[in-house]
Amino acid sequence: MSRAVTISILTYKRHQHLRRALASALPYADQVAEIIVVDNAAEPALKSLLAAEYPNVRYIAAPSNAGCEGRNIGLRAAGTPIVITIDDDVEFCSPNCIAEVEAAFSRDPQLACLNFTVTGVDGKVLERDWCHPRPISHAAREFETHFILEGASALSREKVLSVGGYPAEFFLGHEGVDLGYRLIGAGYRVVHTPLVSTTHYAASEHRPDWRVYYYYTRNGIWVAYRSFPPVMAVSRVLAYLATMGFFSLRANQIPAYLRGCADGMRGLSRMDRHNLDADSLKHVREIRSERVRLFGRIQRRFRERIL
């Protein structure tokens with residue numbers, strides 16, 4: 001049994017999806033220290049179900065549904081240096097994933113996050129989950145990125161907790177971007193790997209239509225403010241709000257977008273700033289140097305749906 005890896009699954013009232021995630025994780029039970037389920041809904045029924053059907057899975061009830069704080073709960077509860085975190089609508093679909101994760105962290109002492117490749121049910125790389133600063137055609141390569149796939153990645157527990165973990169105040173949306181910048185600022189690396197694949201079923205249960213337009217807008221403002229010098233932050237916010245405004249208008253979600261703008265600005269006084277220094281900013285520019293050209297990004301915006 002490996003004592004290096006824990007699998008932590010975050011769930012919220014999606015028992016059938018969780019069963020599938022567990023079915024994909026259990027074949028690795030003898031290769032990891034433990035499998036944890038963090039329940040953001042704290043349902044007694046789920047606790048009983050797991051005790052009856054999955055007695056070797058550790059159940060943790062979150063004190064409340066605090067969104068991405070559930071990921072921090074799993075990280076803090078784990079007793080291993082590496083924690084694989086997946087969402088309840090994600091399943092492992094590649095062989096030897098534990099061995100590949102351990103090998104990656106063994107090779108690179110500065111590795112803080114290993115992002116998995118995310119595919120749809122058709123086996124193709126899922127464009128809606130491709131947020132790396134490279135074209136999707138690079139999915140078969142390993143490369144450094146600044147984006148963290150919160151629901152399909154492996155984390156260095158010590159490194160992530162040393163920079164504060166996921167920002168609980170975000171609830172959802174861009175918490176991985178924020179964490180990625182803080183890890184880079186601390187001198188660590190965030191990497192995409194093609195060697196570990198997952199399937200994302202993109203469950204729609206308990207996901208109100210408005211929420212991504214509100215939270216993504218609000219949190220996009222906060223990420224820029226927390227991570228970049230003032231002039232750069234303003235330019236990033238303006239470009240991002242134009243993009244989110246387009247998505248929101250197309251989805252008839254302008255009220256949610258405007259609330260996100262207002263709450264984003266109001267919340268700035270509560271934000272801790274951890275602006276990237278000159279060397280880290282240079283590194284981020286290097287990471288983004290192979291991103292899709294402007295015309296390609298515009299084309300993607302027109303065909304993309306964020307839900």
Side-chain angles (χ1 to χ4, degrees), residues 8 10 38 66-78 81-85 87 101 104-105 108-116 129 131-134 143-193 215-237 239-240 264 267-289 291:
S8 179
L10 183 63
V38 178
C68 64
E69 175 60 15
R71 306 188 194 283
N72 292 331
I73 291 172
L75 278 167
R76 290 191 292 264
I82 303 168
V83 182
I84 292 175
T85 64
D87 285 344
V101 166
F105 280 91
D108 186 353
Q110 295 307 108
L111 181 62
C113 173
L114 187 70
N115 287 293
F116 304 155
D129 287 338
C131 299
H132 302 299
R134 286 200 183 199
F143 57 82
E144 196 168 359
T145 179
H146 57 68
F147 185 83
I148 292 178
L149 287 163
E150 306 92 351
S153 57
L155 303 174
S156 164
R157 179 180 181 274
E158 179 182 6
K159 293 179 178 65
V160 169
L161 292 180
S162 74
V163 300
Y166 287 107
E169 60 268 40
F170 280 40
F171 188 75
L172 70 85
H174 299 313
E175 67 268 31
V177 180
D178 184 87
L179 175 58
Y181 285 139
R182 280 183 282 126
L183 288 168
I184 291 170
Y188 300 128
R189 284 168 33 91
V190 178
V191 171
H192 160 80
T193 180
Y215 285 118
Y216 282 29
T217 300
R218 185 195 69 175
N219 295 352
I221 295 171
W222 289 354
V223 168
Y225 176 79
R226 285 160 61 97
S227 305
F228 295 97
V231 173
M232 189 178 296
V234 169
S235 66
R236 283 175 172 266
V237 165
Y240 182 73
L268 293 180
S269 62
R270 304 194 307 273
M271 293 294 108
D272 292 327
R273 301 195 73 186
H274 43 79
N275 289 177
L276 295 165
D277 62 22
D279 288 340
S280 299
L281 287 170
K282 179 182 177 181
H283 190 47
V284 168
R285 285 194 292 270
E286 291 169 350
I287 290 171
R288 292 170 60 85
S289 65
R291 67 177 180 163

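Because only heavy atoms are used, hydrogens play no part in the values below, and waters and symmetry mates are left out as well, while side chains stay in. For the single chain, residues carry numbers from 1 onward in sequence order.
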inquiry  = With a 4.5 Å cut-off on side-chain heavy atoms, are L172 and C68 touching?
reply    = no
key: Heavy-atom side-chain contact between I287 and P133 under 4.5 Å   = yes
ask   = For the residue pair A186 and V163, what are the closest heavy atoms and their distance?
value = CB-CG1, 3.9 Å
remark   = All heavy atoms of V83 vs all of S8, minimum pair found to be CG1-CB, 4.0 Å
Residues that Y225 engages under ring-ring contact (aromatic ring centres under 6.0 Å, His included), provided they are two or more places apart = none
request  = Report the distance from atom NE2 of H192 to atom SG of C131, rounding to the nearest 0.5 Å.
outcome  = 12.5 Å
Note, L281 side chain near F228 side chain (heavy atom, < 4.5 Å) = yes
ask   = What distance separates K282 NZ from L276 CG, expressed to the nearest 0.5 Å?
value = 15.0 Å
ask   = Where does the angle between the aromatic ring planes of H132 and F143 fall among parallel (under 30°), tilted (30 to 60°) and perpendicular (over 60°)?
value = perpendicular
key: By ring-ring contact (aromatic ring centres under 6.0 Å, His included) - contacts of H146 (at least two apart)   = Y181
note = Interatomic distance, CG@N219 vs CG@D178, rounded to 0.5 Å, equals 9.0 Å
ask   = Is any side-chain heavy atom of P167 less than 4.5 Å from a side-chain heavy atom of R182?
value = yes
task = Please list all pairs passing the side chain to side chain donor-acceptor pair (under 3.5 Å) test where one or both residues lie in residues 159-173, with sequence neighbours left out.
result = E169-R226
message = Is the shortest side-chain heavy-atom distance between L111 and V191 below 4.5 Å?
response = yes
message = Quick one, E69 with R76, criterion salt bridge (charged side-chain N to carboxylate O under 4.0 Å, His left out). Give me CA distance, side-chain angles, the key distance, then yes/no.
response = CA-CA 11 Å; E69 175 60 15; R76 290 191 292 264; 2.5 Å; yes
ask   = Only one of F147, Y215, Y240 clears ring-ring contact (aromatic ring centres under 6.0 Å, His included) with H174; which?
value = Y240
Contact summary for G165 and L179, nearest pair of heavy atoms = O-CD1, 3.7 Å
request  = Provide the closest heavy-atom pair for G185 versus S280 in the form atom of the first, atom of the second, distance.
outcome  = CA-OG, 3.5 Å
query = Roughly how far apart are L149 CG and L114 CG, rounded to 0.5 Å?
reply = 10.5 Å
I84 vs F116 side-chain heavy atoms within contact, under 4.5 Å = yes
ask   = Which distance, rounded to the nearest 0.5 Å, do you find between the CZ of R189 and the CG of D108?
value = 4.5 Å
key: Side-chain touch N72/L75, heavy atoms, less than 4.5 angstrom   = yes
note = Heavy atoms of R236 and A224 approach each other most closely as CB-CB, 4.4 Å
request  = Please name the pair of heavy atoms, one in Y216 and one in G173, separated by the smallest distance, quoted to 0.1 Å.
outcome  = CE1-CA, 3.6 Å
ask   = Is the side chain of E158 donor-acceptor paired with the backbone N or O of P81 at a distance under 3.5 Å, no angle test?
value = no
ask   = Mind checking whether R71 and E175 have side chains closer than 4.5 Å, heavy atoms only?
value = yes
inquiry  = Let me confirm one number: the CG-CZ distance from L268 to R273, rounded to the nearest 0.5 Å.
reply    = 9.0 Å
